[in-house]
Number of protein chains: 2
Amino acid sequence: MVGIRDVAHRAGVSTATVSRALSGNGRVSAGTRARVLEAASELGFVASSTASSLASGRHRNIGVVVPSVARWYYSQIVDSVAAALLRAGYDLTLYNLNDDAAHRESVLSEFLLRQRCDGVIPVSLELGRDELDQLLSVGKPVVGIGGPLPGAETYSVDDHEIAALATEHLIRLGHRRIAHIGGYEVAEKDFRIAGTRRHGYEAALKGAGLEARRSWQLAADFTIQSGMVEARQLLGHPHDRPTAVFCASDEMAIGALLAARELGLRVPDDVSIIGIDGHELGEALGLTTVAQFPQEQGRRAVERLLQVLQDPSTLQSVNHPARTALVVRASTATPTA
Amino acid sequence: MVGIRDVAHRAGVSTATVSRALSGNGRVSAGTRARVLEAASELGFVASSTASSLASGRHRNIGVVVPSVARWYYSQIVDSVAAALLRAGYDLTLYNLNDDAAHRESVLSEFLLRQRCDGVIPVSLELGRDELDQLLSVGKPVVGIGGPLPGAETYSVDDHEIAALATEHLIRLGHRRIAHIGGYEVAEKDFRIAGTRRHGYEAALKGAGLEARRSWQLAADFTIQSGMVEARQLLGHPHDRPTAVFCASDEMAIGALLAARELGLRVPDDVSIIGIDGHELGEALGLTTVAQFPQEQGRRAVERLLQVLQDPSTLQSVNHPARTALVVRASTATPTA
DNA sequence: GTTCGCTGTGCAAGCGTTTCCATGCCGTCC
DNA sequence: GGACGGCATGGAAACGCTTGCACAGCGAAC
């Protein structure tokens, strides 16, 4: 293994100078730097990041905690975060909770605290104040994405608002019989978003003086398949069928769309469907949605976190509202009845 | 920051004993161990993994290199690999190439070699012999998943075979006009799978004495959307239309299915469609497919890699053929014409 | 009663960097 | 011409663990 001393020896300088020349910290004359660089590349020297971390206290590594990697939103986040970190020369350590609350504890205590990363990006994950404080107290800044994270700096849409927005779009079109596919029943703190979106839906209905039928609120797990399954139930009754469905994610909305077609219903004539997310597939299928832009959220969170790493004092405890946009396509229209 | 000396002091032993007691390496009497454990937990001690890595040369960290995280197969792999590593107490550093060949170089040289991980799991990624040897020579075992990786130990299906299998299923049903949606044209070594599956398709056609029309071989990027786009082209001509389509991934097959319906074609009556992968959504849509089991592949690759880490001499240069299964559902049938 | 071997523990030398501090040098200013 | 400040560099002390080696204690074997 070629080490810094080999480079130092070859370049005829001390290891201190090599370190300075390669890292850019401290001053080195142009000539010396050139010699060092040459020696390093000739030997194929790559500094041991472990040793460097130990000595400097920096890791060039960010921990990203996601509930899952198989759902569109998270995959988009991971994708963009990975790209942004790569560009900045940072590694990304992935903690995939796999929708399993049991992992939470151990991930937080054993992994994140093992002092391998410089900061943490929790995605749609609600940390307790204590957990958050623990991280911050060991000097690991936290910048969250998607979902409430009281006490931390986050980039997130307002889930209540966008759900209301989607629902209001249906109401404005004249719908009165609006169903909802979304929220898990489990009141897990790990997935509060679902509940918040449901509340937004309820609030919008209430605001329009409409009833929120319990039987028209179905729980699914945010995948296309689960959207299909629930929508089959929901739309299966020929009589007393809702004229519109608001789904808490595009994936579920796509499922609902497919289920509707399967049942021989025309969208939007027989039933209007709206989702949330901005999934590319929604575009191909003509799905109306309230788009959010996870790629943008991921990129900005990384930029911000790296900034905080430069100057920790700038870390705030606010949410930077993320951009959303109502994208009206062919899956919503005035009810024909 | 509470360090090992604090624990040692509290337990009334040396740091050496603490290290041994906590890591399980070396012998410690039961009584001492108990005292150490207690002291450690009272102080909330978590060993600095950096220091531990530097001293021991082990990292408890595996590098996973994927072309993308947004496609089903990869997300399944990452998911299962993450779970398996978590169980074993390993961290996972994610290198997302993002379908960008330019990243390849830098990821390999700058990141993987920075000696942060104990081993590497490249997914559907063809390393050159030199790159592979470089990794192996610095003592980083490699266990690949999905796709050829000459010289390395891998868990992968035989892409040529499963493509032929899928095509033959159509031929057996009586189809003679079989199109293919799959392979990128780019002959990138990063995505040879696409080409291999196409060859399997061509071989099967040839074996049956059928022509492989150039215009019936469309290139897409393995997503549902691209499958839709290509299938619209392919199935858009009322005359001279293929009676069956073999797609190199379920996602593209699903896209084709949707496009067919959109065009008013009945599946499988007007056109049969088969994919590869075993995507859950395919089940909901009645898609016939040659299933592979990425979750299983990921888990096994991790198990094997950890084994190799125990005893590097057992690393072989073979592919462990991964399980596949032809799953016949409602999207394929005997052609009606 | 020695000798031997084993167990449990401590000492201290690493692991490969970074960085503080000291030093030497040169140019500038009085 | 001497003092001083700034720059480039080297020496060496961290960083916080792991582990080889030495050693004490103790029971078994002779």
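Numbered from 1 within each chain, the chains take letters A, B, ... in sequence-line order.
The OG1 atom of B/T154 sits 7.0 Å away from the NE2 atom of B/H320 when rounded to the nearest 0.5 Å. Atoms OH and CD1, from B/Y74 and B/I145 in turn, are 11.0 Å apart once rounded to the nearest 0.5 Å.
Between A/R304 and A/Q307 the shortest side-chain heavy-atom distance falls below 4.5 Å. The shortest side-chain heavy-atom distance between B/Y95 and B/P122 does not fall under the 4.5 Å cut-off.
Using a 4.0 Å heavy-atom criterion, one finds that A/G31 contacts no nucleic acid atom at all. Counting non-hydrogen atoms under 4.0 angstrom, A/R58 reaches the backbone sugars and phosphates but no base.
If you measure from atom CD1 of B/I4 to atom P of C/dA12, you get 17 Å, rounded to the nearest angstrom. Between B/R116 atom CZ and C/dG16 atom C1' the separation is 14 Å, expressed in whole Å. Counting to the nearest Å, the C1' atom of D/dG10 and the NE2 atom of A/H9 are 15 Å from each other. The interatomic distance linking A/L54 (CG) with D/dA13 (P) rounds to 17 Å, in whole Å. For A/R5 and C/dG14, the CZ to P distance is 10 Å, given to the nearest whole Å.
Closest to the side chain of A/T32, from the set C/dT18, D/dT18, D/dT9, is D/dT9.
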Open item on the list: Pair B/D118, B/R60 - check salt bridge (Lys or Arg N to Asp or Glu O under 4.0 Å), show working.
Closed with: CA-CA 7 Å; B/D118 300 311; B/R60 300 204 73 94; over 6 Å; no

Open item on the list: Run A/V69 and A/V78 through side chain to side chain contact (heavy atoms under 4.5 Å, CB included) and show every step you take.
Closed with: CA-CA 8 Å; A/V69 90; A/V78 169; 4.2 Å; yes

Open item on the list: Could you go through B/Y90 and B/N61, starting from their C-alpha distance and side-chain angles, then the distance that decides it, and tell me whether this counts as side chain to side chain contact (heavy atoms under 4.5 Å, CB included)?
Closed with: CA-CA 5 Å; B/Y90 272 71; B/N61 189 136; 5.6 Å; no

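Of the residues in residues 14-30 of chain B, B/S14, B/A16, B/T17, B/R20, B/R27, B/V28, B/S29 come within less than 4.0 Å of DNA chain C through at least one heavy atom, sorted by number. Within residues 37-46 of chain B, no residue has any heavy atom under 4.0 Å from DNA chain C.
Cation-pi check for A/R300 over A/Y155 is not met; the charged atom does not lie both under 6.0 angstrom from the ring centroid and within 45 degrees of its normal.
Nearest-nucleotide positions on DNA chain C for B/A55 and B/V13 put B/V13 closer to the 5' end.
The side chain of B/R35 contributes no N or O atom lying less than 4.0 Å from OP1 or OP2 of C/dG8.
A/I62 pairs with exactly one of A/I121, A/V143, A/L92 by the side chain to side chain contact (heavy atoms under 4.5 Å, CB included) rule, that one being A/I121.
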